[in-house]
Amino acid sequence: MSANRLRTALTMLGIIIGITSVVLLLALGDSMQRFIGKELEALGTNMLFISPGGNRAAAQRMRAGAAPALTLADAAALNTLPSLAGAAPALQGGFKLAVGNETSSSSVSGVTPAMFKIRNWKMELGSVFSEADVRAASRSVIIGHKVADQFFYKMDPLGKYIRIENVAFQVVGVLHGEGKQIDGPDLSELVLVPITAARAHLIRNPFPDNVHYVVAQGKSDGNLQDAIEDINETLRDRHHIKFEEPDDFRIDNLASFAETAGKISAGIAALLGLIGAISLVVGGIGIMNIMLVSVTERTREIGIRMAIGAKPRDVLLQFLTEAVVICLAGGVVGIAIAMGLAAAITASGKFDVVISLSAVIVACGFSSLVGVFFGFYPARRASRLLPVDCLRYE
């Protein structure tokens, strides 16, 4: 190997590329699964979103003289269900925000204090609305930290005012963290006001008790399917829906979204691992080809060894060991390169890629198997040569 350094380096190159691909792609797959899991955890997998609508046709609803709707009274009724930890109504709309000469458009949600507990929203500054603020339709607003940075850069936003459609709302809090929300923008971009203030000053609705959706949270120690059935039974009873008629509301279960996302991410991770394995197989084929050439070039060496007493298994072990050593050396280099690339991707701040110990073990095991598998045929061929033919070989 040391006498033919260029050949050894070229032989290792295929394994290096293969191992780098395997380790990096496995790490990317694992990181993607962790990222999706983290995002779903932020959303809350025991949450249910209830919205108006469903399978009932619009024409049928129009003939009945009614439109699908959820009300504050519906949310209050759901709050009493023993299978739920809580339920919170919400109104939502897009509005113009302004502070001084700075303007932007954003989604504004009218919520109750219960929404913060259900959604596990934490405060970075200030405090949550109180029930008194809701009863008084207080013009208070809680904003995400990106909104705070946009309008109050390097300033304390508490006590300042934001105009929402030219209605002044006082900032009473800043939300902590970030993460995409299933019913709106990123957590850091949320703009929240008391639901009564949204109804009084922003969202004009001929039916003041109607809400856009209700967020419910199943109890952690309960069966989410039982909670869904309780919600379904309660709302059908309140909406006077007959047995043969379909629902006029829809219940979305985040747990099913999480399960589907988990299956998709696991499939993508397996596909990435397969792509890396293909690269490793290509590298192994390169090793086999180079080893076959090496056997041909070293025929006299093999003959001399066997003439002075080496047995076929000694020759087999020699060539097999060379193949395994080349693969392991290439594996070490490939792992080092993969770690460097993972660190570079993580340093970019766009994606957190961590190479786990299991990925390294898999890569080392793969490289050893490739060395044994693709090195066995050349080694076996070398061991079956006859000494007299080897010594006569030119």
Side-chain angles (χ1 to χ4, degrees), residues 49 51-53 67-75 88-119 121-215:
F49 281 77
S51 54
L70 289 174
T71 65
L72 291 171
D74 288 335
L91 292 170
Q92 194 173 62
F95 300 97
K96 179 182 176 182
L97 309 181
V99 175
N101 295 325
E102 183 76 22
T103 62
S104 71
S105 295
S106 178
S107 174
V108 178
S109 298
V111 298
T112 63
M115 184 70 78
F116 291 82
K117 183 178 180 181
I118 292 173
R119 304 291 289 274
W121 287 339
K122 305 296 184 183
M123 301 301 297
E124 186 173 301
L125 296 172
S127 59
V128 177
F129 309 128
S130 66
E131 291 294 344
D133 290 327
V134 174
R135 288 193 296 270
S138 171
R139 286 186 294 177
S140 304
V141 61
I142 294 174
I143 56 179
H145 69 80
K146 285 187 179 179
V147 179
D149 289 342
Q150 178 184 0
F151 290 114
F152 308 105
Y153 185 64
K154 292 186 177 180
M155 296 171 57
D156 183 0
L158 298 182
K160 304 293 193 302
Y161 285 86
I162 290 180
R163 296 194 310 277
I164 306 176
E165 294 295 325
N166 290 321
V167 179
F169 283 77
Q170 187 177 34
V171 178
V172 297
V174 177
L175 288 168
H176 172 74
E178 57 185 32
K180 183 65 179 175
Q181 305 296 295
I182 194 170
D183 58 333
D186 191 273
L187 180 62
S188 62
E189 299 172 352
L190 288 182
V191 178
L192 307 171
V193 300
I195 190 168
T196 48
R199 187 176 58 193
H201 302 292
L202 301 176
I203 300 173
R204 306 298 180 183
N205 193 327
F207 304 99
D209 286 339
N210 286 6
V211 297
H212 289 150
Y213 59 91
V214 176
V215 181

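We're numbering straight along the sequence, starting at 1.
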Check side-chain contact (heavy atoms from CB on, under 4.5 Å) between [X] and all other residues, then give those that pass, not counting sequence neighbours.
X	answer
Ala137	Thr196
Lys96	Thr103, Glu165
Ala197	Phe169, Pro194, His201

Return the set of residues passing side chain to side chain donor-acceptor pair (under 3.5 Å) with [X] (not counting sequence neighbours), or none when no residue passes.
X	value
Ser127	none
Asp209	none
Lys122	Asn120

If you round to the nearest 0.5 Å, how far is [atom2] of [Y] from [atom1] of [X]?
X	Y	atom1	atom2	answer
Ser109	Ile203	OG	CD1	8.0 Å
Thr112	Leu192	OG1	CG	10.5 Å
Ile195	Leu202	CD1	CG	12.0 Å

Any heavy-atom pair between the side chains of [Y] and [X] that's under 4.5 Å?
X	Y	result
Val111	Val215	no
Arg199	Leu72	yes
Pro113	Val134	yes

Atom of [X], atom of [Y] and distance for their closest heavy-atom approach:
X	Y	result
Met123	Leu125	CE-O, 3.4 Å
Met115	Ala90	CE-CB, 3.8 Å
Ser106	Val191	OG-CG2, 3.9 Å

Using a 3.5 Å cut-off and no angle test, enumerate the donor-acceptor pairs between side-chain atoms of residues 139-162 and protein atoms at least two apart in sequence or in another chain.
| unit_1 | atom_1 | unit_2 | atom_2 | d |
| --- | --- | --- | --- | --- |
| Ser140 | OG | Ser138 | OG | 2.7 |
| Asp156 | OD1 | Leu158 | N | 3.1 |
| Lys160 | NZ | Asp156 | O | 2.9 |

### Message
Show me the pairs that pass ring pair (Phe, Tyr, Trp, His ring centres under 6.0 Å) and involve residues 89-108, at least two apart or across chains.
### Response
none
### Task
Describe, in one word, how the ring planes of Phe129 and Phe116 are oriented to each other, choosing from parallel (under 30°), tilted (30 to 60°) and perpendicular (over 60°).
perpendicular
### Task
Would you sort out whether Leu97 and Val108 count as a side-chain contact (heavy atoms from CB on, under 4.5 Å), showing the intermediate values?
CA-CA 9 Å; Leu97 309 181; Val108 178; 4.1 Å; yes
